[in-house]
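Residue numbers start from 1 in every chain, and the chains themselves are labelled A, B, ... in the order their sequence lines are given, proteins ahead of strands.
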Protein chains: 2
Amino acid sequence: MALEHAILVSLLEKPGSGYELARRFERSIGYFWTATHQQIYRVLKRMEADGRLDVREVPQRSRPDKKEYSVSALGQACLSEWLHEPIQPESVRHDLAVKIRGAAFDDPAALIQEVERHRRLHGDRLAHYLAGERRDFGASDASAAPDAGRELQHAVLRGGIAYERMMLAWLDDVLATLHRLAPGL
Amino acid sequence: MALEHAILVSLLEKPGSGYELARRFERSIGYFWTATHQQIYRVLKRMEADGRLDVREVPQRSRPDKKEYSVSALGQACLSEWLHEPIQPESVRHDLAVKIRGAAFDDPAALIQEVERHRRLHGDRLAHYLAGERRDFGASDASAAPDAGRELQHAVLRGGIAYERMMLAWLDDVLATLHRLAPGL
DNA sequence: AATGCCATGTAACGAGTTACATGATTGC
DNA sequence: GCAATCATGTAACTCGTTACATGGCATT
């Protein structure tokens, strides 16, 4: 249900086309929500039909024309309403944890490679987040006016960083456990 | 895709009915995967039809009869195959992060209550996990034979604990940011 | 008499994934 | 000539949620 709201937030931050949204979902918005372009186009259509978005055809030179979406007054009201109603925390889903418990019925040592691979992926993501933090929030000018949007974006990014650090520490813990169970490696 | 595998793992740990599985998904298995009874019954039927599970009708006194499912040889082979193929890390989805970034276009102070509510929920879950850890893994007998299944279950639980601790710290960070942006409260 | 637990399910819908399809331009 | 980027979509499918439905037994 929150994809619509994520789109509203992203378009409020800056209007754009479905294609541009899809790219944002691979980057900053992707820190806390993912979506493919197919899904985005489908939802954009519905939201436009419901009057929560406005569209503007933008002709472009040497590129296909695009539809630039922006949030209508109704869309902003919908977002505001959602912000004021309580939501439940996301349910957790970790494939890897299923695998770890499943390893008891297989060879635990076979999992070491897989856990190491995940550790690398999370390390890469952490590095990527930290680079983004330095780029967008580093050396902040203390004399600059405090910008609520910027502060909140930074707080969300710090959440992503904390998550990746936690995962790295936990995966190290899991690896140590696996090595203890399979001393041969 | 991993619900099937989570069911296989749970039934390998102990055979049981759909109803019992649903309750396990509210407890230990629920630390890393959730599912409702409707979904479980549907998947159990498919898995039985595919020959990955065996069923046994168990008549009961003063209770409805139940169907006890257990993993067939084919089911175990399927699980083993899955354990050996690489999976991608779960995509992250945080409603609350969408709300936090959305608060820039609404009243940031209105979010404080909601964030505090989530903080309480995560605190409750952490307490629940820690109680489970004390109950199931506390005061482990060093002379006991090392049990791989037990060790791996504990490692997964430690992941849940680390996650909740990280969330608590991050939500405190978010609350401090919101208070800075809305000094009136 | 009402509530809650045990036990199983169906139906309808919305969310998300994967594969396929098109067509122009830009850079190597 | 080939691949990548920009830009939009359809179709088919699986996964997940919500609401509805049934019915006996045990407890308060």
Q. Whole-Å distance between C/dA15 C1' and B/Leu3 CG?
A. 16 Å
Q | d(CZ, B/Arg93; C1', C/dG14) in whole Å | A | 13 Å
Q) Roughly, in whole Å, what's the span from CZ in A/Phe25 to P in C/dA15? A) 13 Å
Q | Polar side chain donor-acceptor pair, B/Ser70 to B/Asp54, under 3.5 angstrom | A | no
**Q.** Spacing between A/Met47 atom CE and C/dA15 atom C1', to the nearest angstrom
**A.** 15 Å
(Q) Please determine whether a side-chain nitrogen or oxygen atom of A/Gln39 lies at a distance below 4.0 Å from atom OP1 or OP2 of C/dA15. (A) no
Q. With no hydrogens and no angle check, is any side-chain donor or acceptor of A/Ser72 less than 3.5 Å from a backbone partner on A/Gly51?
A. yes
Q. Can you name the residues that form a ring-ring contact (aromatic ring centres under 6.0 Å, His included) with A/His154, not counting sequence neighbours?
A. A/Phe137
Q) Taking any atom under 4.0 angstrom from a heavy atom of chain B, which nucleotides of DNA chain D are the first and last to qualify, 5' to 3'? A) D/dC15 to D/dA26
Sort me out a list of protein N/O and nucleotides 5-8 of chain C N/O pairs below 3.5 Å, or just none if empty.
residue	atom	partner	partner atom	Å
C/dC6	OP2	B/Tyr19	OH	3.1
C/dA7	OP1	B/Gln60	OE1	3.3
C/dA7	OP1	B/Gln60	NE2	2.4
C/dT8	OP1	B/Lys67	N	2.9
C/dT8	OP2	B/Tyr19	N	2.9
C/dT8	OP2	B/Tyr41	OH	2.9
C/dT8	O5'	B/Tyr41	OH	3.4
C/dT8	O4	B/His37	NE2	3.3

Q. Closest nucleotide of DNA chain C for B/Gln38 versus for A/Thr34: which of these residues is on the 5' side?
A. B/Gln38
Q | Cluster companions of A/Tyr19 among Ile, Leu, Val, Met, Phe, Trp, Tyr (side-chain spacing under 4.5 Å) | A | A/Tyr41
**Q.** ring pair (Phe, Tyr, Trp, His ring centres under 6.0 Å) pairs, two or more places apart, involving residues 45-98 of chain A
**A.** A/His5-A/Trp82
Q.
Do B/Val174 and B/Leu178 make a side-chain contact, defined as non-hydrogen atoms from C-beta onward lying under 4.5 Å apart?
A. yes
Q.
Name the residue from A/Arg27, A/Lys67, A/Lys66 that meets the salt bridge (charged side-chain N to carboxylate O under 4.0 Å, His left out) definition with A/Glu20.
A. A/Lys66
Q | Contact under 4.0 Å: A/Arg42 side-chain N or O vs C/dT17 OP1/OP2 | A | no
Q. How would you list all residue pairs meeting ring pair (Phe, Tyr, Trp, His ring centres under 6.0 Å) that involve residues 102-136 of chain B, not counting sequence neighbours?
A. B/Tyr31-B/Tyr129
